Amino acid sequence: MTTTGHATPRTASPRPGLPASLTPALLKRLAARVSAGPEAARVTTTTPYNGLPLADLPVSAPADVEEAFARARTAQTSWAATSVAERKRVLLRYHDLVLARQDQALDLMQAENGKTRRDAFLEVVDIGVVSRHYARAAAKYLSPKRRRGAIPLLTHTTELRHPKGVVTVISPWNYPLSMAASDTIAALMAGNAVVQKPDTQTALTALWSMDLMYEAGLPAGVWQMVIGQGSSIGGALMDNADYMMFTGSTATGRRIASDAGRRLIGASLELGGKNAMIVLDDARIDKAADGAVAGCFPSAGQLCVSIERLYVAESVRDAFVAAFVARTKALEIGAAYDYGIDVGSLTTPSQLRTVTEHVEDAVAKGATVLAGGRARPDLGPLFYEPTILTGVTPDMKVYDHETFGPVVSVYSYRDVDEAVTLANSSPYGLNASVWSRDGARGRAVAARLHAGTVNVNEAFAAAWGSVDAPMGGMGDSGLGRRHGADGILKYTEPQTVAHQRLQGFTPPARVSPETWAALLTASLKVLRGPTSTRRPRRPRRP
Ligand code: NAD
């Protein structure tokens, strides 16, 4: 492996290993935003790049969560009474503040998560796109809609959308800004208050985002942040919620779904994946190899939609593998608070253990390492080289378990049916990618894949960035969707108001029930309309 890296972080800092913008005063101010009593226990987070202490945070107890909900519930009533136009003004100001202060956000995300600046910048872009979208489109999504009435002209039917109330948002550490803010933005725009529990490791970024939303004009109390382990405050977060928005592992998602079922509240679950990329025999090899690098190693592979399984047509396998391996070996890994690095650090020791275990298990059972395959303690405690495996078989953990690290297995296939079968063989169904010179052919294969998003000639960003369209998982990858109409309407209770005018559903005074039945039967026949004689178009097969 010839990957190069920086042995020491390239930082200019008043504190060891931290960039200048992360002053002790800032970190203290953000920590003070946590909903926790004065006697709260404290937790210290560390920087993945070097293992040095980063933040000293209060830990919320269940009683603090109850209080956060009480404050949020009070604030929600008047927030729900504001116009969508007023909420839009707040959200657009937040959008502008995030873009203007992005350097501080990038420093925070890198310090908390260990990702590269480029990967962190993608989160800034995501929040810009999502906040602009919901600011502009919320009025369309939420406005009362006229619906077809029971009796044409006589029934005036309207669908209204009411906020759920107080939404719990639980978010993971891998995309500290995106995962903390994206789902909250939509919940707030729909008139809800939010009580959020980010992962403790990346709580500062979530607090920074909340701070900016208040600066943008969000009324006091509408967004609350609590910190703690699921085992301690998970119960209070569930028991007080009017809706549960969870992003994290499938194992925790199942628990959340079952608890939400017990309480009969809605839940949206964005869970794990084992995402497949298919390189068709007519794909442009250089583009597909670039796409594989971009798809497999963002945030050191700690991205829910990143690629962990690569299926390549036999006829182009050797050319593709050569191009992919060369590009991967040329990646620069290291720690730097600038745009120069390609691959950053893993975030937690447990992630490093999982990645190491998956690769060691595969190698012990006969897999071949084409690139990477080892940790890099010389760069920092949690670095691991971007790794390509072949010869992976079903008895290896990496075959079907989510690694959530910079590890991809390459397989070849004989025909498109086999590629589709292999790609669909996972119980997960989050994201997939198809590469072909023929866009229509790529889209036809995409439609056969069991995945909530499929990108053609892109790994994940095209679908992720299409915020007007739903994004989420099938199968073990989750329930519900973020983005688009689904991403905001899930935070609302639909209500149908039907106003019956002039004539109701019982026969008028001088009409017999028989005549009334005949009249209604005739009306139903008219309303059915004619049967179409046009033959449906057959979908194109790849
Ligand atoms: P995790 O389930 O362990 O933790 C996620 C969050 O849930 C954290 O804030 C954690 O503190 C909290 N939590 C854990 N147990 C809880 C409980 N009993 N009650 C309430 N909260 C609880 O997940 P993780 O391993 O930290 O995150 C990585 C996983 O998240 C991967 O599987 C990844 O694919 C998935 N993920 C999915 C998406 C998506 O959009 N589909 C996005 C990012 C990450």
Side-chain angles (χ1 to χ4, degrees), residues 43 45 57 59-60 62 65 112-113 115 119 122-123 126 130 168-183 195-203 205-206 225-241 244-260 263 267-275 298-308 346-355 401-405 426-432 451-453 460 463-464 470-483 487:
V43 61
T45 60
L57 298 164
V59 180
S60 312
V65 177
E112 289 196 306
N113 174 281
K115 62 176 63 191
D119 290 329
L122 198 61
E123 300 198 47
D126 177 47
V130 170
T168 292
V169 175
I170 298 181
S171 49
W173 44 265
N174 67 323
Y175 272 64
L177 181 61
S178 277
M179 295 297 115
S182 172
D183 299 308
V195 174
Q196 178 166 23
K197 193 201 88 58
D199 194 284
T200 307
Q201 175 62 33
T202 51
T205 308
M225 198 76 72
V226 295
I227 296 215
Q229 298 290 320
S231 52
S232 159
I233 57 172
L237 284 163
M238 172 56 77
D239 290 347
N240 289 281
M244 174 62 79
M245 173 67 230
F246 173 81
T247 305
S249 65
T250 299
T252 312
R254 285 189 201 283
R255 275 185 70 164
I256 300 271
S258 133
D259 290 348
R263 287 211 51 229
S268 190
L269 308 166
E270 297 286 344
L271 310 178
K274 188 79 186 172
N275 308 303
S299 292
Q302 300 171 127
L303 168 63
C304 54
V305 288
S306 66
I307 303 297
E308 296 197 3
L346 292 168
T347 305
T348 64
S350 113
Q351 278 309 121
L352 179 62
R353 276 195 297 279
T354 304
V355 171
H401 288 60
E402 182 185 42
T403 306
F404 215 50
S426 166
Y428 292 113
L430 190 56
N431 180 47
T453 52
F460 63 84
W464 186 11
M471 172 167 198
M474 299 180 181
D476 285 2
S477 290
L479 282 177
R481 297 288 185 270
R482 57 168 59 105
H483 295 173

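Every number for a ligand or one of its atoms is a count from 1 in the order of the listing. Just so you know, these numbers come straight off a predicted model, no measurement behind them.
- Ranking protein heavy atoms by distance to atom 37 (C) of ligand 1, first place goes to Leu271 O, 3.1 Å.
- Evaluated by nearest non-hydrogen atom to atom 26 (O) of ligand 1, the leading choice among Phe404, Tyr175, Trp173, Trp464 is Trp173.
- Between the side chains of Thr205 and Thr202, not a single donor N or O lies within less than 3.5 Å of an accepting N or O.
- Contacts between Arg482 and ligand 1 below 4.0 angstrom, taking non-hydrogen atoms only, involve the side chain exclusively.
- Within the 4.0 Å heavy-atom criterion, the part of Leu430 lying near ligand 1 is the side chain and not the backbone.
- For atom 22 (C) of ligand 1, the closest non-hydrogen atom on the protein side is Gly230 CA, 3.7 Å.
- With hydrogens and angles ignored, the 3.5 Å screen pairs a side-chain donor or acceptor of Glu308 with a backbone N or O of Thr403.
- Listed by number with element, the atoms of ligand 1 under 4.0 Å from a non-hydrogen atom of Ile170 are 6 (C), 7 (O), 9 (O), 12 (C), 20 (C), 21 (N).
- When the heavy-atom distances from atom 35 (C) of ligand 1 to Gly272, Gly248, Ala236 are ranked, the shortest goes to Gly248.
- Using a distance-only test at 3.5 Å, with no hydrogens or angles considered, a donor-acceptor pair links the side chain of Thr168 to the main chain of Leu237.
- Every atom of ligand 1 with a heavy atom of Glu270 under 4.0 Å away is listed here by number and element: 37 (C), 38 (C), 39 (C), 40 (O), 41 (N).
- Less than 4.0 angstrom separates some heavy atom of Pro172 from each of these atoms of ligand 1: 27 (O), 43 (C), 44 (C).
- Judged by distance alone, with hydrogens and angles left aside, the side-chain atoms of Asp126 form no donor-acceptor pair with the main-chain N or O of Leu122 at under 3.5 Å.
- Between the side chains of Lys274 and Ser426, no donor-acceptor pair is found at a separation under 3.5 Å.
- Counting the atoms of ligand 1 from 1 in the order shown, those under 4.0 Å from a heavy atom of Ser171 are 6 (C), 8 (C), 9 (O).
- Shown are Asn113, Asn174, Thr347; of these, the side-chain hydrogen bond (donor to acceptor under 3.5 Å, both in side chains) with Gln302 is made only by Thr347.
- For atom 13 (N) of ligand 1, the nearest protein heavy atom (residue, atom name, distance) is Thr252 CG2, 4.0 Å.
- Under the 4.0 Å distance rule, the nearest protein heavy atom to atom 4 (O) of ligand 1 falls outside the cut-off.
- Of the heavy atoms in Phe246, only side-chain atoms (C-beta onward) come closer than 4.0 Å to ligand 1.
- Gln196 and Ser171 share a donor-acceptor pair across their side chains, judged by distance under 3.5 Å alone.
- Looking at Ser231 next to ligand 1, no N or O pair under 3.5 Å apart turns up.
- At a cut-off of 3.5 Å, with distance as the only test, no side-chain donor of Thr348 or Arg353 sits close to an acceptor on the other residue.
- Around atom CZ of Arg263, more than 12 heavy atoms belonging to other residues, nucleotides or ligands sit under 6.0 Å away.
- Considering only non-hydrogen atoms, atom 32 (O) of ligand 1 lies nearest to Glu402 out of Arg254, Glu402, Arg481.
- The protein heavy atom nearest to atom 23 (O) of ligand 1 is Ser249 N, 3.2 Å.
- A cation-pi arrangement is absent between Lys197 and Phe246 under the rule of less than 6.0 angstrom and at most 45 degrees off the ring axis.
- Scanning the protein heavy atoms around atom 11 (O) of ligand 1, the nearest turns out to be Lys197 NZ, 2.7 Å.
- At the top of the distance list for atom 39 (C) of ligand 1, counting protein heavy atoms only, stands Cys304 SG, 3.3 Å.
- Judged by distance alone, the side chains of Asp476 and Thr250 never bring a donor and an acceptor atom under 3.5 Å apart.
- An N or O contact shorter than 3.5 Å is missing between Gly234 and ligand 1 by distance.
- Polar contact with ligand 1: absent for Asn174 (N/O pair, distance under 3.5 Å).
- Residues meeting the salt bridge (charged side-chain N to carboxylate O under 4.0 Å, His left out) test with Asp199, sequence neighbours left out: none.
- Heavy atoms of Gln229 found under 4.0 angstrom from ligand 1: none, in either backbone or side chain.
- The two residues Gly472 and Glu270 have their closest heavy-atom pair at CA-OE1, 3.4 Å.
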